[in-house]
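If you read the sequence from its start, that first residue is 1, and numbering goes on from there.
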Amino acid sequence: RDSVRRDSQDWASCSESEQTDCHSGTHTDTRSQRPTDNIFLSQRHPHLPVTHSAADSLTSVLFWTSSQDFGAHHTMQVQHKNSDTAPLLPGAHHHEDIDPHGDSGEKSNFAQAMMNFLKGCVASGFLSLPFALSKSGYILGTAALVLICLISTHCVHLLIEAKEYLCKRLDRTQMSFGALARESMGRNGERFTNMFIVTCQLGFACVYVLFYIENMTQVFPALSKTTHTLILAPCLILLSWIKSLRVLSFPSLLGTMCILYAATLIYIYCIQHLLDYGAHLTPASNECTDTFNPPLNISGNFTAPCLVAASPVAVAPLQSFPLMFGNAIYAFEAIGLVLPIQNSMIRRQDFGLMLNLSMVIVFIMYTSFALCGYLVFGGSTAGTITLNLPNTILFQSAKVSLSVMMLQSYAIQFYPAISILEHGYLPSMKESLQSEWAVVILRHLVRTMLVGITIGLALLIPHIGLVISLIGSLGAGALSLVLPPLIHVRAMWDDLSRARVALDICYLVFGVVGSAVGTGVAVEQIIKTFNS
């Protein structure tokens, strides 16, 4: 009752024009709610009096968005409504929707929505897919990619269907991931969702740190990993202090160009190598000094691949297959993109078609890239394929550009996690500290500490492929394969047929088992790597 009263007062304190942005960036005129809304609210919360004002207050509480519509490697077209780009200063209004990728109010057509979705999907995750096939084989791995792509895409449809169902039932126009979990599973469901969001986002940040250190150490071998870490740490700390992601809009565009540049070079290198040696599936390695007619002859003589690695296999030992699962889920994870992009579309009913077409394009790109990389490098395929590229100026430029892009991506992945955490601890800290400057200092210290944790974890686990598999299984698996069917079946239980309930349960079991086994195998391999 106290929280209802406080949120009711917060809502009442907004002016008539500001009430549009008070909750989730979406205007809901509670004064015009239908009488049936009060009946529904009284059934959900019988301890509250069924009055119009109580329903208004409770509605403001139910849809206080304390989660995310984040993009992982994600789109920057959908921005946070806060346009400030200054550092965190006292006096800012923090009791607000913490969704850092919410609807900006700008609507997009079909083509624009597809470009935003593709831009968010095609990120660093695809660079680890050749390593994923090395743990499953090119036949079994390709079949697994098809299955994971189909299931993850259908899970997105389930999430959107549940969202539309709840929005219609609750007279809303949009809801976040956390709000969907709260309305379908209660406050514990929201906490469960937020826990995996924070885990997944900070895990992505660890991957970017490790990617930067591994690639820059290869480009500049004279500097140790410790030196590269000391150079990187201040940059990440400053990025973590950014108040709004809007300042990263232009760097995001540059990051997309860097990915396309590097992917193009890798495609050319792999395809040319397969044309020259593909009949024998001859693997390549960048750890050789023999020079002969290089497979990629753009400028000068490159160090040619040596024929030393194990040849690719059609089906790898099954005990390593869970590592493939985690890497594939990491690459295909795009659940954070769907809600903000669907909210931004002019014709929301076209989102399903846009999603299907986009996933077909993503699948073709991912599968072809994974096959090319694995067939070329075989048993020597590294956790990220950039580590397999020849140590030449051209390929080193691709590594440097991708590493710099990772700095910008680090801030994008860090922002949703810290937003959720600050939403949890800041209100009580404000009451106890009684000083806005003390709160500012605390926020900076917490953010700096989290940066240190991500750097420490990245240094502790030196194999980027295993880190990606762990994060994919532990965080991305839950967000992409477990929560969507769970939210769907809980929200729409009364209106689902037995067949659809059974399908949701099958997806749920697949996600839980795959995530659990993948996490266990990844942890086991990380421990072996750490001990060695």
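By the side chain to side chain contact (heavy atoms under 4.5 Å, CB included) test, Phe369 is found to be paired with Phe126, Leu127, Pro130, Ile266, Tyr267, Ile385, residues two or more places apart in sequence or in another chain being considered. Remark: Thr227 pairs with Ser224 by the side chain to side chain donor-acceptor pair (under 3.5 Å) rule, at least two apart or across chains. Remark: Val313 pairs with Ala316, Tyr374 by the side chain to side chain contact (heavy atoms under 4.5 Å, CB included) rule, at least two apart or across chains.
For Phe131 against Ala382, the heavy-atom pair with the smallest separation is CB-O, 3.2 Å. In terms of heavy atoms, Ala411 sits closest to Leu239 at CB-CB, 4.2 Å. Looking at every heavy atom in both residues, Ala417 comes nearest to Val198 through O-CG2, 4.0 Å.
Not a single donor-acceptor pair under 3.5 Å links the side chain of Gln396 to the backbone N or O of Ala398. Counting only distance, with no hydrogens or angles, the side chain of Thr381 and the backbone of Gly378 share a donor-acceptor pair below 3.5 Å. Judged by distance alone, the side chain of Gln218 and the main-chain N or O of Leu387 form a donor-acceptor pair under 3.5 Å. Listed for the Arg447 side chain is a donor-acceptor partner under 3.5 Å among the backbone atoms of Ile242. For the pair Ser469 (side chain) and Leu466 (backbone), a donor-acceptor distance under 3.5 Å is absent. The main-chain N or O of Val451 is found under 3.5 Å from a side-chain atom of Thr454 such that the two form a donor-acceptor pair. Put simply, the side chain of Thr193 gets close to the backbone of Gly189: a donor and an acceptor are under 3.5 Å apart. No donor-acceptor pair under 3.5 Å is formed between the side chain of Arg490 and the backbone N or O of Met185. Looking at Asn388, its side chain does come within 3.5 Å of a backbone N or O of Ser380 through a donor-acceptor pair.
Aromatic ring pairs are classed by plane angle as parallel below 30°, tilted from 30° to 60° and perpendicular above 60°; the pair Phe377 and Tyr269 is parallel.
With Met324 as reference, Leu145 is the one residue of Leu145, Leu140, Leu129 to meet the side-chain contact (heavy atoms from CB on, under 4.5 Å) rule.
Defined by atom type and a distance below 3.5 Å, a donor-acceptor pair is present between the side-chain atoms of Asn215 and Thr386. In summary, the side chains of Tyr261 and Ser397 do present a donor paired with an acceptor at a separation below 3.5 Å, with no hydrogens or angles considered. No hydrogens or angles considered: nothing links the side chains of Tyr330 and Ser473 as a donor-acceptor pair under 3.5 Å. A side-chain donor-acceptor contact under 3.5 Å links Arg191 and Asn188. Side chains of Tyr507 and His154: a donor on one and an acceptor on the other come within 3.5 Å.
A distance of 10.0 Å separates CD1 of Ile464 from CD1 of Ile213, quoted to the nearest 0.5 Å.
Separation of the Phe192 and Phe196 ring centroids falls under the 6.0 Å cut-off.
Under the 4.5 Å side-chain criterion, counting only non-hydrogen atoms from C-beta, Met405 is in contact with Ile259. The shortest side-chain heavy-atom distance between Leu339 and Ile160 falls under the 4.5 Å cut-off. Side-chain contact between Phe177 and Leu483 is present, with at least one heavy-atom pair separated by less than 4.5 Å. In this structure, the side chains of Met359 and Phe332 come closer than 4.5 Å at one or more pairs of heavy atoms.
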